[in-house]
Amino acid sequence: QVQLVESGGGLVQPGGSLRLSCAASGSIFSIGFMGWYRQAPGKERELVARLGSGGSTNYADSAKGRFTISRENAKNTVYLQMNSLKPEDTAVYYCHALVSTPTQPSNWSQYWGQGTQVTVSS
């Protein structure tokens with residue numbers, strides 16, 4: 001079983017910064033991509049940032065220039081550095097990863113973390 005555990009969420013003032021972490025653990029053969037989604041009340045879950053195994057990145061337009069995704073492969077961990085936070089960034093942030101396991105290395109499955117709350121408010 002693969003688990004994704006997020007940390008780093010919390011309350012921050014507008015203009016402030018937070019750094020989210022997501023560590024993947026369990027029976028892992030390989031990780032394809034890791035990324036972050038968020039969901040605000042009453043809204044659809046949306047992609048914030050994604051980092052491919054080859055280093056390619058994708059960002060939501062709202063995140064470009066403010067957020068940075070990075071990865072430490074040795075720790076199976078992905079980070080999201082969030083700067084210049086705005087109230088509209090308030091949401092539950094979910095880690096997302098594409099993972100293969102040793103028993104079936106060629107079979108890929110998507111996993112989700114439990115989410116971490118980010119609240120931007122003065």
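All values below were derived from every heavy atom in this structure, side-chain atoms included, with hydrogens, water molecules and symmetry-related copies excluded. Numbering of residues begins at 1 and proceeds along the displayed sequence.
Side chain of Arg50 to main chain of Ile69: no donor-acceptor pair is present (N/O by atom type, distance under 3.5 Å, no hydrogens or angles). The closest donor-acceptor contact from the side chain of Glu46 to the backbone of Arg38 lies at 3.5 Å or more, if one exists at all. Judged by distance alone, the side chain of Gln39 and the main-chain N or O of Ala91 form no donor-acceptor pair under 3.5 Å.
Residues Val120 and Val118 have side chains in contact (heavy-atom distance under 4.5 Å, counting atoms from C-beta outward). Tyr93 places none of its side-chain heavy atoms less than 4.5 Å from the side chain of Glu6. Annotation: side chain of Ser121 is in contact with side chain of Leu11 (closest heavy-atom distance under 4.5 Å). Looking only at side-chain heavy atoms (C-beta outward), Ser21 and Glu72 stay at 4.5 Å or farther from each other.
Put simply, Leu20 and Tyr111 are part of the same group of oily side chains (I, L, V, M, F, W, Y) that touch within less than 4.5 Å, one to the next. Under the 4.5 Å side-chain heavy-atom criterion for Ile, Leu, Val, Met, Phe, Trp and Tyr, Val12 and Val48 are members of the same hydrophobic cluster. Cluster membership check: Leu4 shares its hydrophobic cluster with Ile31, using side-chain heavy-atom separations under 4.5 Å among Ile, Leu, Val, Met, Phe, Trp and Tyr. In this structure, Val2 is a member of the same hydrophobic cluster as Met34, with clusters built from ILVMFWY side-chain heavy atoms closer than 4.5 Å. Hydrophobic clustering keeps Tyr94 apart from Met82 (ILVMFWY residues linked when any side-chain heavy atoms are closer than 4.5 Å, directly or through intermediates).
Identified under the ring-ring contact (aromatic ring centres under 6.0 Å, His included) test for residues 5-52, with sequence neighbours left out: Phe33-His96, Tyr37-His96, Tyr37-Trp112. Pairs passing the ring-ring contact (aromatic ring centres under 6.0 Å, His included) check and including a residue from residues 40-82, sequence neighbours excluded, do not occur. The list of disulfide (SG to SG under 2.5 Å) pairs with a residue in residues 3-110, not counting sequence neighbours, reads Cys22-Cys95.
The environment of Glu44 atom CD is sparse: at most 12 non-hydrogen atoms of other residues, nucleotides or ligands sit within 6.0 angstrom. A 6.0 Å sphere centred on CD of Gln3 holds no more than 12 heavy atoms belonging to other residues, nucleotides or ligands.
The pair Lys64-Asp61 counts as a salt bridge, with a side-chain nitrogen and a carboxylate oxygen less than 4.0 angstrom apart.
Listed here is the closest heavy atom pair of Asn83 and Ser17: OD1-OG, 2.8 Å. Shortest non-hydrogen contact noted between Ser70 and Leu51 is C-CD2, 3.7 Å. Taking every heavy atom of both residues into account, Ser122 and Pro14 meet most closely at N-CD, 3.7 Å. Minimum interatomic distance between Arg71 and Gly32 (heavy atoms only, all atoms of both residues): NH1-O, 4.1 Å. Taking every heavy atom of both residues into account, Leu85 and Leu18 meet most closely at CD1-N, 3.8 Å. Trp108 and Ser100 make their closest contact through CE3-N, 3.7 Å (heavy atoms, listed as atom of the first residue, atom of the second, distance).
Here the OG atom belonging to Ser62 is positioned 8.5 Å from the CD atom belonging to Glu88, to the nearest 0.5 angstrom. In this structure, Thr68 OG1 and Arg66 CZ are separated by 11.0 Å, a value rounded to the nearest 0.5 Å.
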